[in-house]
Number of protein chains: 2
Amino acid sequence: MLRLSRKGQYGVRAMFEIARGHGNKPVPIKEIAERQAVSVAYLEQILNKLKNGGLIRSVKGPGGGYVLSKKPEDVSISAILNELEGPVAITSCLDPEEGCVRVDGCVTYMLWKSLGEKIDAFLRTVTLKNLLTGTLFKKADKRLKKSA
Amino acid sequence: MLRLSRKGQYGVRAMFEIARGHGNKPVPIKEIAERQAVSVAYLEQILNKLKNGGLIRSVKGPGGGYVLSKKPEDVSISAILNELEGPVAITSCLDPEEGCVRVDGCVTYMLWKSLGEKIDAFLRTVTLKNLLTGTLFKKADKRLKKSA
DNA sequence: AAAATACCTTAGTAAAATTGTCAAGTATTA
DNA sequence: TAATACTTGACAATTTTACTAAGGTATTTT
């Protein structure tokens, strides 16, 4: 249950690939597609959304490709998934576009809302930098080093 | 993103209805269906799964219905959703039945695994009792009262 | 200038998952 | 023994996902 769509997964991995090239040359879409074994055409749709969201910029022409708009440590997984799939909304009544039908006495409303907030809070703490360095929990790691 | 299926939502609400009658008479399926505006036939499938999972028992004959197998405080949301939809598996590579294809260097593996664990940890802390009393965060509430 | 490279956009579509319905039962008790 | 209530399996409608296809635009190197 609660599975993330492949689009979201591809998006995060694509952002990771672009982040790897941060500071160097732009990363061409073809290269990303090969690494992920996804078609260029499909990846284009995904990167297009991320571009419209301002997370990446594109450089046209030979030698072109995609570049991060911000530093890797300033791009959270939450931001990426938000752009691709909208906000976390465990139930439709929590979706800003749909809204709750049965207003009266929705006992589970708070449950799903809380869960959604927990999830997003976690995803906001993880950035591309964390993926690059392999340290998922920055603060936890620092604490460990201090106490060691 | 990360939406829970209606089956899961109905299941939790149905368990809530059954929990409300805990200690009294069994709750007939017809009553649950009316409260939730779902067909009896569909609800039957859901309750059947929950019954096979040992979360509820059924009482046949006139005056019969469904009863909780355990006390409300011993039934977590995690247990309910697990029975209906299997374990939390953000990606297919984390699904026990599918497994990971690209074994080498899956940078996002830990990310999705950690997220899944966070989610399940939260859902294990919330029980039907919490829904009944309206106190989602038992411990947090107690702390607040103490410090007040 | 023109050819090559690479991004950009929209429309459509096949497969899979979801969300149910329907029919024909079986078990229990007033 | 009739009424109530649960049980099971098949299957159909709808929606979502995960793409493919096709044509276009922008930039740079030669």
Side-chain angles (χ1 to χ4, degrees), chain A residues 1-14 17-18 21 25-34 36-67 69 81 84-86 89-92 95 97-98, chain B residues 1-11 13-14 17-18 21 25-34 36-53 55-67 69 81 84-86 89-92 95 97-98:
Chain A
M1 60 161 168
L2 283 184
R3 189 156 300 185
L4 181 64
S5 73
R6 286 202 204 176
K7 189 195 287 185
Q9 295 179 47
Y10 292 154
V12 172
R13 290 182 65 91
E17 296 293 341
I18 298 172
K25 288 179 184 176
V27 182
I29 198 171
K30 197 179 166 189
E31 194 178 313
I32 303 174
E34 280 172 3
Q36 293 196 23
V38 185
S39 78
V40 168
Y42 192 35
L43 209 50
E44 276 173 344
Q45 293 178 23
I46 295 170
L47 294 185
N48 208 346
K49 278 199 175 188
L50 294 172
K51 197 195 127 192
N52 290 335
L55 293 176
I56 53 179
R57 284 180 300 110
S58 65
V59 180
K60 293 191 173 183
Y66 288 91
V67 183
S69 297
L81 295 181
L84 288 175
E85 312 202 55
I90 304 298
T91 59
S92 59
D95 191 319
E97 291 187 13
E98 302 193 41
Chain B
M1 61 163 167
L2 284 181
R3 188 155 300 186
L4 181 65
S5 74
R6 286 202 204 174
K7 190 193 286 185
Q9 295 178 46
Y10 292 155
R13 290 182 65 92
E17 295 293 341
I18 298 172
K25 288 179 182 175
V27 182
I29 198 170
K30 197 181 167 190
E31 195 178 313
I32 303 174
E34 279 171 5
Q36 294 197 20
V38 186
S39 77
V40 168
Y42 192 36
L43 209 50
E44 277 170 345
Q45 290 178 23
I46 295 170
L47 293 185
N48 207 346
K49 276 198 174 186
L50 293 172
K51 197 193 127 191
N52 290 335
L55 293 176
I56 53 179
R57 284 179 299 108
S58 66
V59 180
K60 293 191 173 182
Y66 288 93
V67 184
S69 297
L81 294 181
L84 289 176
E85 313 202 53
I90 305 296
T91 59
S92 59
D95 191 320
E97 291 186 13
E98 303 192 39

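Chain A is the first sequence line, chain B the second, and so forth, proteins listed ahead of strands; every chain is numbered from 1.
Residue A:Arg6 has no polar side-chain atom (N or O) positioned under 4.0 Å from OP1 or OP2 of D:dT17.
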Might you work through the side chain to side chain contact (heavy atoms under 4.5 Å, CB included) test for B:Leu50 and B:Ile18, ending with a clear yes or no? CA-CA 12 Å; B:Leu50 293 172; B:Ile18 298 172; over 6 Å; no
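Residues that satisfy the salt bridge (Lys or Arg N to Asp or Glu O under 4.0 Å) test with A:Glu85, not counting sequence neighbours, are absent from this structure. Residues passing the side chain to side chain donor-acceptor pair (under 3.5 Å) test with B:Gln9: none are found, sequence neighbours excluded. Every residue two or more places apart in sequence or in another chain that forms a side chain to side chain contact (heavy atoms under 4.5 Å, CB included) with A:Ser69 is listed here: A:Arg57. Take A:Glu34 and apply the side chain to side chain contact (heavy atoms under 4.5 Å, CB included) test, not counting sequence neighbours, and it matches A:Lys30.
Whole-Å rounding puts the B:Met1 CE to D:dT17 P distance at 13 Å. A straight line from CD1 of B:Ile29 to P of D:dC6 spans 6 Å, rounded to a whole angstrom. For A:Glu85 and D:dT17, the CD to C1' distance is 10 Å, given to the nearest whole Å. Residue B:Tyr66 contributes atom OH, which lies 8 Å from atom C1' of D:dA5 at whole-angstrom precision. Atoms NZ (B:Lys25) and P (D:dA5) sit 11 Å apart, rounded to a whole Å. Atom pair B:Ile18:CD1 and D:dA5:P shows a separation of 14 Å (rounding to whole Å applied).
Where DNA chain C meets chain A (any atom under 4.0 Å from a heavy atom), the bounding nucleotides read 5' to 3' are C:dT5 to C:dA11.
The shortest heavy-atom contact between A:Tyr66 and A:Leu47 is CE1-CD1, 3.5 Å. In this structure, B:Gly11 and B:Ile46 approach most closely via the heavy-atom pair CA-CG2, 3.9 Å. Looking at every heavy atom in both residues, A:Lys49 comes nearest to A:Lys7 through NZ-NZ, 4.0 Å. When all heavy atoms of A:Leu2 and B:Ile90 are compared, the pair lying nearest together is O-CD1, 3.5 Å.
Residue contacts for B:Lys30: at a heavy-atom cut-off of 4.0 Å it reaches no nucleic acid atom on any strand shown.
Near DNA chain D, meaning a heavy atom under 4.0 Å away, the residues from residues 41-61 of chain A are A:Tyr42, A:Gln45, A:Lys60, A:Gly61.
Out of D:dA18, D:dT20, D:dC6, the shortest distance to the side chain of A:Ser5 is found at D:dA18.
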